[in-house]
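The block underneath contains the structure these notes are about, expressed in C-alpha cells.
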Amino acid sequence: MDKVLSARFGKIKPDSVEEYIAAGGYEGLRKTMSMEHADAIEEIKKANLFGRGGAAYPTGIKWEQAYAIKKGPKYMVCNGDEGEPGTFKDRHILGEDPFELIEGMTIGAYIMGAKEGYIYIRGEYAAIQRIVGSAIANAEKAGYLGKNILGREGFDFTLKVVSGAGAYVCGENTALVESIEGKTGRPRQKPPYIKNCGLYQMPTILNNVETYSCIPWIIKDGGETFSKKGTEFSGGTKLMCLSGNVQNRGVYEIPFGMTLRELIYDLGGGITNGRKLKFVHLGGQSGSCFPESLLDTKICYYDLKKAGISLGSGAVVVVDDSHCAVDYLKNSMEFFEEESCGKCTPCREGTYRLVQLVEKFTEGTATMEDFNKLKSLAQTMKTSSFCGLGQSAPVPLLTLVKYFEEEFLEHINGKCRAGVCHMTGKAGK
C-alpha cells in the first residue's frame with residue numbers, strides 16, 4: 001500500500017515533536033508560510049480532496065469559500081467525535097500520529113487568519129484525549145503553536161481539546177458547534193452555514209480528523225501528486241475500517257479505485273468460518289446495505305454514487321449468511337431511536353415507530369400492512385427530518401428491503417431462514 005496518513009503509525013512517539021519532524025513533519029507548514037494564501041488553497045483544490053467525515057464536500061472549495069469571508073474572528077474546528085458504529089479510523093490518527101492533524105489545522109489557521117482552534121474528541125477516547133493534549137503542549141513549547149509561530153510575527157494559533165459526551169448527533173457539524181459552546185448538542189437551522197455563522201456566531205472551518213491530516217502532505221508534495229494516488233473523481237487515499245464477519249479486521253489505507261471485493265477478500269482475507277457473504281453495510285450505521293453483486297464497485301465517490309451507495313465515513317461491516325436481515329435491521333433502528341436528539345417530530349417519533357414495526361417482524365406478528373407502513377414511514381423520515389440523522393436513519397432499512405424483501409415477507413409468514421428470530425406471535429404458531 002502507498003501510505004500517506006498511516007506512514008508514521010507505530011514508528012514515532014505520538015506526542016514527540018522531534019520524532020515527528022525527523023519523519024518529515026511540519027514541512028507542509030513551512031512551505032505554506034512561503035506561499036500566497038490563495039496558492040495554498042489552489043493546491044488543495046488540485047488534490048481533489050473530498051471531506052472524509054461522510055459529507056464528501058470538496059475541501060478546496062470549502063476553504064476557498066471560507067477564505068473569501070472577511071468578517072472575523074475565524075475558528076478552526078475538528079470533528080473527532082467518531083461516534084459512527086463500525087468506524088474507528090480517526091482514533092488511529094489521534095492516538096498514533098496526532099501531529100499530522102495539528103499541522104493540518106495550523107496550516108488552515110495560517111491561510112484563514114484564525115487564532116483559535118478546537119479538536120472535539122469523543123469522551124470514550126479519554127486516553128487519546130490525553131495523547132492529543134500532550135502533543136499540543138509539546139507543539140507550543142517547540143514554537144509550532146502559540147504566539148508568533150516559527151518566528152512569524154502575528155501568526156498566532158492555539159488549540160484546545162474538547163470532550164464529547166456520547167451524543168451521536170454531535171457528529172453533525174452545527175450540533176458539534178453547539179456542544180463546544182456548552183449548549184445541548186442539537187443541530188441548527190441551515191442556512192446560515194457554519195462557514196458564515198458557526199462557533200460563537202463567527203465564520204468557522206470544520207473538517208474531519210482524516211481530512212485535516214491530508215493537508216500537510218498535499219502542501220508538501222503537491223495537490224496533483226496527491227490526486228494521482230486515487231481516481232479521476234476521488235483524489236488520494238482513504239482509511240477504511242473493516243469489521244464484522246471477516247478474517248482480518250482493522251484499518252486499511254487504500255488508494256481510491258480499489259474495489260470492495262479486493263478490500264474484503266484480498267486485504268481482509270474473506271469471510272470467517274467458511275461462511276458465505278450475505279451483505280455489506282457501508283459508510284456507517286446510516287449507510288447502505290447491499291449484496292455481493294455490487295462488490296466489484298470501485299471505492300470512489302463517483303462510482304459508488306452511480307451504484308446508489310454512499311462511502312460515508314469509510315466503515316465496512318461484513319455480514320455473513322448466519323445473520324438475519326430483519327434482526328440486523330432491528331439493531332440498527334434501536335441505535336437511531338436511542339441517538340435521536342428529539343428536536344424534530346419525524347425523527348423523534350419516526351425512529352420509535354420504526355423499532356415497533358420491525359419488532360413485529362422479528363416476533364412473527366407483522367402483516368403486509370405493516371410492511372407497507374415500514375416503507376412509507378422510512379420515506380417520510382428521509383424527506384422531512386430536520387438533520388442528517390433522521391434523513392439517513394432509514395437508509396439501511398430501505399436498502400435491506402430492496403435487496404432482501406423476501407426475508408421480510410417470510411417473517412410475515414412466521415419464518416426466519418437464519419433461525420435468529422424467535423417467533424412468538426400468531427405467525428410463528
Side-chain angles (χ1 to χ4, degrees), residues 29 32-33 36-38 40-41 44-45 49 51-55 57-81 101-122 129 132-133 136 139-140 144-149 152-165 167 169-209 211-213 215 341 343 386-388:
L29 176 61
T32 303
M33 293 172 67
E36 295 293 331
H37 295 195
I41 293 173
I44 298 168
K45 289 172 67 177
L49 173 67
R52 303 297 201 237
Y57 192 81
T59 305
I61 299 297
K62 177 190 278 191
W63 283 31
E64 185 176 57
Q65 293 168 341
Y67 179 69
I69 298 168
K70 300 305 178 185
K71 72 175 182 177
K74 293 181 179 179
Y75 294 97
M76 305 298 298
V77 176
C78 174
N79 181 355
D81 194 45
L101 162 64
I102 293 168
E103 183 181 1
M105 294 187 72
T106 309
I107 289 171
Y110 178 81
I111 294 171
M112 303 296 168
K115 302 293 185 184
E116 294 180 46
Y118 297 86
I119 305 175
Y120 189 95
I121 303 176
R122 64 182 304 190
Q129 289 180 14
V132 176
I136 290 171
E140 289 178 349
Y144 290 93
L145 284 175
K147 286 192 171 294
N148 302 325
I149 294 172
R152 180 66 58 89
E153 187 72 28
F155 180 19
D156 307 333
F157 183 57
T158 59
L159 270 175
K160 181 181 179 181
V161 172
V162 179
S163 178
V169 74
C170 286
E172 198 275 342
N173 55 14
T174 61
L176 187 150
V177 164
E178 288 281 289
S179 180
I180 292 176
E181 292 181 2
K183 303 171 186 173
T184 300
R186 285 180 171 171
R188 297 176 180 174
Q189 178 70 50
K190 292 181 285 189
Y193 297 100
I194 61 169
K195 64 187 175 188
N196 300 104
C197 184
L199 188 63
Y200 306 121
Q201 313 306 309
M202 289 291 123
T204 301
I205 297 85
L206 194 154
N207 286 107
N208 170 265
V209 171
T211 310
Y212 275 125
S213 298
I215 300 298
C341 76
K343 180 167 184 168
F386 185 81
C387 83

Could you go through the side chain to side chain contact (heavy atoms under 4.5 Å, CB included) check for Y75 and M112 one step at a time? CA-CA 9 Å; Y75 294 97; M112 303 296 168; over 6 Å; no
When you measure from the side chain of T211 to the backbone N and O of R52, does any donor-acceptor pair fall under 3.5 Å? yes
Okay, side chain of Y212, backbone of V77: is any donor-acceptor separation there less than 3.5 Å? yes
If only atom types and distance count, is the side chain of T204 paired as donor or acceptor with the main-chain N or O of M202 below 3.5 Å? yes
Least distance between heavy atoms, C387 atom then V169 atom: SG-CG2, 4.4 Å
Closest non-hydrogen atom pair between Y110 and M33, with its separation: OH-O, 3.5 Å
Main chain of W63, side chain of K45: is a donor-acceptor contact present, judged purely on distance under 3.5 Å? no
Main chain of I205, side chain of K74: is a donor-acceptor contact present, judged purely on distance under 3.5 Å? no
Are any side-chain N or O atoms of R186 and backbone N or O atoms of C341, one a donor and one an acceptor, separated by less than 3.5 Å? yes
Does K190 NZ have over 12 foreign heavy atoms under 6.0 Å away? yes
Give a yes or no answer on whether the side chain of N207 reaches the backbone of C78 with a donor-acceptor pair at less than 3.5 Å. no
Donor-acceptor side-chain pairing of Y120 and S179 below 3.5 angstrom: yes
Strictly below 4.0 Å, N to O, side chains only: are R188 and E181 in salt-bridge contact? yes
Do I119 and V162 come close enough that some side-chain heavy atom pair is under 4.5 Å? no
Does the N79 side chain pair with the main chain of G171, one donor and one acceptor, at a distance under 3.5 Å? yes
Sidechain-backbone polar pair: Q129 side chain, R122 backbone, donor-acceptor under 3.5 Å: yes
Considering all heavy atoms of both residues, which atom of M76 and which atom of A114 are nearest to each other, and what is their separation? CG-CB, 3.7 Å
